[in-house]
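The structure appears right after this line, and notes come after that.
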Amino acid sequence: MELFDNLLMGLSTALELNNLMFCLIGVVIGTAIGVLPGIGPIPTVALLLPFTFGLSPASAMIMLAGIFYGAQYGGSTTAILVNVPGETSSVVTCIDGHEMAKQGKAGTALAIAAIASFFAGTIATIVIALLSVPLSMLALKFTAVEYFSLLVLGLIAAVVLAHGSVAKSLAMVLLGLLLGLVGIDVSSGVARMTFGIPALSDGLDFVPIAMGLFGLGEIIANLERPAERRVVSQSIRSLIPSGKDLRAAFPAMVRGTALGSVLGVLPGGGAALPPFSSYALEKKLARDPSRFGKGAIEGVAGPEAANNAGAQTSFIPLLTLGIPANALMALMIGALMMQGIQPGPQIMTEQPKLVWGVIASMWVGNLMLLVINLPLIGLWVSMLKIPYRLLFPAIVLFCCIGTYGIANSLFNVWLMMGCALIGYFFIKIGVEPAPLLLGLVLGPQLEENFRRAMLLADGDFTVFLSRPISAVILGVVAILLLALLSPEILKTRKEALAE
């Protein structure tokens, strides 16, 4: 009964006129940036963080969440029609979606992608609602000891699930943790790594670093990439799939939703893991695997469902435990902190309208996406004609205004510019900056909880192993580290990096 009361409270929040407006703004921006290759949800949310400062917490989170799952819809449109994934998560959709378009089935592919995304979004919203209460009840049993162990698990999982070199991912996490320590120590009042610069006394501001690393860094890298895009010339016929197509796609939708819902919760999983895993599963289960790559409808339905389900269930650890599952959720934590809300297990009880409003808005947003996406396909495709050289100056201008506006600090603008160059350097040498952002966000929390745990235990380090929940979490950390160092996994990561 409590679940229905919470959902009704969430719906009443989500259906307020201003929240509906921000939800619509979020999903429209999300679809647009999903369509435009190279401008993903992480740079966009990073760029828009300063502009959420004046909004209510519910409106800000509803809009930012809409951008995230809206981008999953938009990415599939260009993947199918242009064979250019607007999003990393839409790379798999190109394989069979574009083949279907070349065979004159572009309408069917787009409709199946939209229906699969809506189906997965609806189921994922129910999963979030069902898991939120028991997880938050469990989280209330956490002390600083368990919370420290959970944060360590989040950081190690980010290293395990990051792409490429293990050493580079570990280095990024450690660099993020070090950057999180900059500023005056709350306990002792000693300045740490401030180098005599007064602007660093309060620590490094999260927003300019995120905007520089993910926003401007990625956009600078896109300037040197070719912008040649060819849209499938055949006109899009019926957008209503046949019964046969739906029957073929439905089992793949269900499997993709289940797989994406599980993988989305994993810390550090990233956007690409659910759709790639779903495509591999569908190919393995197919009676005739040779159809994949030649326009198999399951190759569109499964990954698109997994993609959207994963995007939404990644909110579960954030809303219940205050742990970001990926870089974008770390940005969401930044948005909450800007609103004066401390993320953590207590958020469910202290801010129920915010949490349940965001959960209910996901279903409302998915319904909006289904309604606005298919009829406006022509508009989304025409956006691909906008030259990147025109978008770039406008984005840089908005970045500078937004960063300066947070604290009226010119230092933040220079910090963002410096991080943009570092972000571009990371892209050039093949380093993923997402673990750095997780380290930066979780570092101060990790230090604070470690200190509290030591005070509770009178400096006894064995407290982390003597408390059952903490011991289980650290056991999982040990298993992940052993798996990480196994020769087979290291070989697989090297091969993936070589590709």
Residue pair Leu177 / Gly443: nearest heavy atoms and the distance that separates them: CD2-CA, 3.5 Å

Partners passing side-chain contact (heavy atoms from CB on, under 4.5 Å) against Val472 (at least two apart in sequence or in another chain): none

Say you draw a straight line from SG of Cys23 to CG of Leu367; how long is it, rounded to the nearest 0.5 Å? 10.0 Å

One should read off an interatomic distance between Thr125 OG1 and Trp363 CH2, to the nearest 0.5 angstrom, of 9.5 Å

Just how far is it from atom OG1 of Thr31 to atom CG of Leu369, taken to the nearest 0.5 Å? 5.0 Å

Is there a donor-acceptor pair under 3.5 Å between the side chain of Ser361 and the backbone N or O of Val358? yes

Ring pair (Phe, Tyr, Trp, His ring centres under 6.0 Å) against Tyr279, all qualifying residues, sequence neighbours excluded: Phe292

Evaluate the side-chain contact (heavy atoms from CB on, under 4.5 Å) criterion for residues Leu354 and Leu336: first the C-alpha distance (whole Å), next the side-chain angles of each, then the deciding distance (0.1 Å), finally the verdict. CA-CA 10 Å; Leu354 166 66; Leu336 286 171; 3.8 Å; yes

In this structure, CG of Leu440 is separated from CG of Leu179 (nearest 0.5 Å) by 6.0 Å

Answer yes when Glu298 and Arg255 have at least one side-chain N-carboxylate O distance shorter than 4.0 Å, and no when they do not. no

Of all heavy-atom pairs linking Ala210 and Leu331, the shortest is CB-CD2, 3.3 Å

Roughly how far, to the nearest 0.5 Å, is the OG atom of Ser169 from the CD1 atom of Ile156? 11.0 Å

Show your reasoning for whether side-chain contact (heavy atoms from CB on, under 4.5 Å) applies to Asn308 and Asn366. CA-CA 10 Å; Asn308 218 47; Asn366 274 288; 3.1 Å; yes

Any donor and acceptor pair, going by atom type alone, linking the side chain of Ser278 with main-chain N or O of Pro274 inside 3.5 Å? no

Got a second to check how far Thr122's OG1 is from Gln312's CD, nearest 0.5 Å? 8.0 Å

Asn307 side chain to Pro303 main-chain N or O, any donor-acceptor pair under 3.5 Å? no

Trp356 and Leu11: CA distance, side-chain angles, deciding distance, side-chain contact (heavy atoms from CB on, under 4.5 Å) verdict: CA-CA 8 Å; Trp356 290 99; Leu11 275 170; over 6 Å; no

Backbone N/O of Ile429 and side chain of Lys168: donor-acceptor pair under 3.5 Å: yes

Non-hydrogen atoms of Ala471 and Leu465 that approach each other most closely: CB-O, 3.4 Å

Correct closest heavy-atom pair for Ala58 and Thr13 would be CB-CG2, 4.3 Å

Leu446 and Leu155: side-chain contact (heavy atoms from CB on, under 4.5 Å), yes or no, with the steps? CA-CA 10 Å; Leu446 195 75; Leu155 290 172; 4.2 Å; yes

Under 3.5 Å: donor-acceptor pair, side chain of Asp96, backbone of Val300: no

